[in-house]
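For reference, the structure discussed in these notes is given below.
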2 protein chains.
Amino acid sequence: MSEFPSTTITAADVMKADCRARTLLALLAEKWALLIIEALSKGPRRTSALKRQIGGISEKMLVQTLRRLEKVGLVERYDFREVPPRVEYSLTERGHSLSPIIVSLDRWVERHAFDILPEA
Amino acid sequence: MSEFPSTTITAADVMKADCRARTLLALLAEKWALLIIEALSKGPRRTSALKRQIGGISEKMLVQTLRRLEKVGLVERYDFREVPPRVEYSLTERGHSLSPIIVSLDRWVERHAFDILPEA
DNA sequence: GCAATTACATACCTGGGAGTAAGTATGTCT
DNA sequence: AGACATACTTACTCCCAGGTATGTAATTGC
């Protein structure tokens, strides 16, 4: 934990990287992000299909979260340019590299939910 | 993973289970929960050590999150009953069953943070 | 002409997650 | 007697994620 030769990673760099990681983690920790990624891990989905598959999400939050996931390159949006509107969302390559982790997290949660929260 | 003899699982049960899973997922998605679990995955830690290891967390949020994780049986608290106070936190068996997933999620985030959020 | 469909956009509001700052208990050390 | 250390509480505040409700564009079918 010392030594800083010519070209070095400064403490500020570490802080920034850490900050980025935190920001990204915060995005994934948003209420619906993990659920959306898990839903898309099974294949492309139309907006309405996603809404049905994930129960209880409002259209606003669905679209908002999808947009954010799109910005960080986890989700892709394809507009068929039809009427009535037809849009399909899918995971990018990067999204696919993440989804197995999300899915296993989700499975863990489902396996343990009852033991952990017996009441209600 | 089936068989539902006389006693059956109703739609309401599924909804409740789903609700529980969502609640549990929400707990994990709290800002500091994943970071705490990751920190504890390396071994037991005193309160102050945790605070140092996880940068930027306030004492209040640290304790509050630890309490919640304790309630769901992911974290254990051991009080040495010394003065000045000495308390150690560690993962429970259940916590250890979860931590590998958290750690891999964290590693993924750290690996991709720069590519995803180049600015800032 | 008008209802229906679909994927949004927008306005408004509230709860609670989260930060800051200060206080508390209880001993040891000088 | 007073400073210091440690692990918390508690009070106060702010902000925004997230919910609800409604509006919109562009077609097809009746």
Side-chain angles (χ1 to χ4, degrees), chain A residues 15 18-19 21-40 44-72 74-90 117 120, chain B residues 15 18-19 21-37 39-40 44-72 74-90 120:
Chain A
M15 296 258 303
D18 197 32
C19 179
R22 295 258 172 108
T23 302
L24 182 53
L25 200 56
L27 170 62
L28 295 179
E30 275 173 23
K31 185 168 182 182
W32 302 104
L34 296 183
L35 295 173
I36 290 178
I37 292 174
E38 201 233 351
L40 286 178
R45 294 281 190 279
R46 293 186 64 176
T47 314
S48 53
L50 273 176
K51 197 188 169 194
R52 255 176 285 117
Q53 186 174 344
I54 307 168
I57 188 172
S58 68
E59 290 189 21
K60 184 189 130 190
M61 290 314 297
L62 177 59
V63 175
Q64 188 177 111
T65 308
L66 281 168
R67 292 264 183 281
R68 290 179 182 170
L69 293 175
E70 202 187 346
K71 269 189 188 167
V72 296
L74 289 172
V75 163
E76 239 167 6
R77 190 186 114 106
Y78 182 70
D79 191 336
F80 287 87
R81 309 204 143 276
E82 293 177 3
V83 169
R86 183 164 168 233
V87 170
E88 216 174 59
Y89 292 95
S90 58
L117 303 166
Chain B
M15 296 258 303
D18 197 31
C19 178
R22 296 260 170 104
T23 302
L24 182 52
L25 201 58
L27 170 62
L28 295 178
E30 275 173 23
K31 185 168 181 183
W32 302 105
L34 295 182
L35 295 173
I36 290 178
I37 292 174
L40 286 178
R45 294 281 189 279
R46 293 188 64 177
T47 313
S48 53
L50 274 176
K51 196 188 168 192
R52 254 176 286 118
Q53 187 174 344
I54 307 167
I57 187 171
S58 69
E59 291 190 19
K60 183 189 122 186
M61 289 313 298
L62 177 59
V63 176
Q64 187 177 112
T65 308
L66 281 168
R67 293 263 182 282
R68 290 179 181 170
L69 292 176
E70 203 187 344
K71 269 190 189 167
V72 296
L74 289 171
V75 163
E76 238 168 5
R77 189 186 115 105
Y78 182 70
D79 191 336
F80 286 88
R81 307 206 143 277
E82 292 176 7
V83 170
R86 185 166 167 230
V87 170
E88 216 175 59
Y89 292 94
S90 57

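Throughout, a chain's letter reflects where its sequence line sits, starting with A, and its residues are numbered from 1.
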Is the closest side-chain heavy-atom distance between B:Arg67 and B:Arg77 below 4.5 Å? yes
Identify the heavy atoms of A:Leu28 and A:Leu34 that sit nearest to each other, and give their distance. O-CG, 3.4 Å
By salt bridge (Lys or Arg N to Asp or Glu O under 4.0 Å) - contacts of B:Arg86 (at least two apart): B:Glu82
Could you tell me whether the side chain of A:Leu35 reaches within less than 4.5 Å of the side chain of A:Thr65, counting heavy atoms only? no
By the 4.0 Å heavy-atom rule, please label A:Arg67 as base, sugar-phosphate, or nothing. sugar-phosphate
So if I define the base as every atom that isn't primed, P, OP1 or OP2, how would nucleotides 15-20 of chain D read as a B/S/- string at a heavy-atom cutoff under 4.0 Å? --SBBB
Residues which pass side-chain hydrogen bond (donor to acceptor under 3.5 Å, both in side chains) with A:Arg68, listed by chain and number, not counting sequence neighbours: A:Glu30, A:Gln64
The criterion is side-chain hydrogen bond (donor to acceptor under 3.5 Å, both in side chains); which residues satisfy it with B:Glu70, sequence neighbours excluded? none
Atom pair distance, as rounded to whole Å: NZ in B:Lys51 and P in D:dA7: 11 Å
In terms of the nearest nucleotide of DNA chain D, which residue is placed more toward the 5' end: B:Val63 or A:Pro85? B:Val63
Using the side chain to side chain contact (heavy atoms under 4.5 Å, CB included) criterion, which residues pair with B:Ala39? Sequence neighbours excluded. B:Leu50, B:Gln53, B:Ile54
Base, sugar-phosphate, or nothing: which does A:Tyr89 touch, judged by heavy atoms less than 4.0 Å apart? sugar-phosphate
Would you mind listing every salt bridge (Lys or Arg N to Asp or Glu O under 4.0 Å) that reaches into residues 51-61 of chain B, with sequence neighbours excluded? B:Lys51-B:Glu59
Just to verify, what does A:Arg46 make a side-chain hydrogen bond (donor to acceptor under 3.5 Å, both in side chains) with, not counting sequence neighbours? none
How would you list, by chain and number, every residue that makes a side chain to side chain contact (heavy atoms under 4.5 Å, CB included) with B:Val75, sequence neighbours excluded? B:Leu40, B:Leu66, B:Leu69, B:Tyr89, B:Leu91
By side-chain hydrogen bond (donor to acceptor under 3.5 Å, both in side chains), A:Glu88 pairs with (sequence neighbours left out) none
Ignoring backbone atoms, establish whether B:Arg46 has a side-chain N or O less than 4.0 Å from OP1 or OP2 of D:dA7. yes
Reading DNA chain C from 5' to 3', where do the contacts with chain B start and stop? Cut-off is 4.0 Å to heavy atoms. C:dG17 to C:dG27
Students should find that the end-to-end axis angle of the helix from C:dG1-D:dC30 to C:dT30-D:dA1, with five pairs defining each axis and rounding to 10 degrees, is 10°
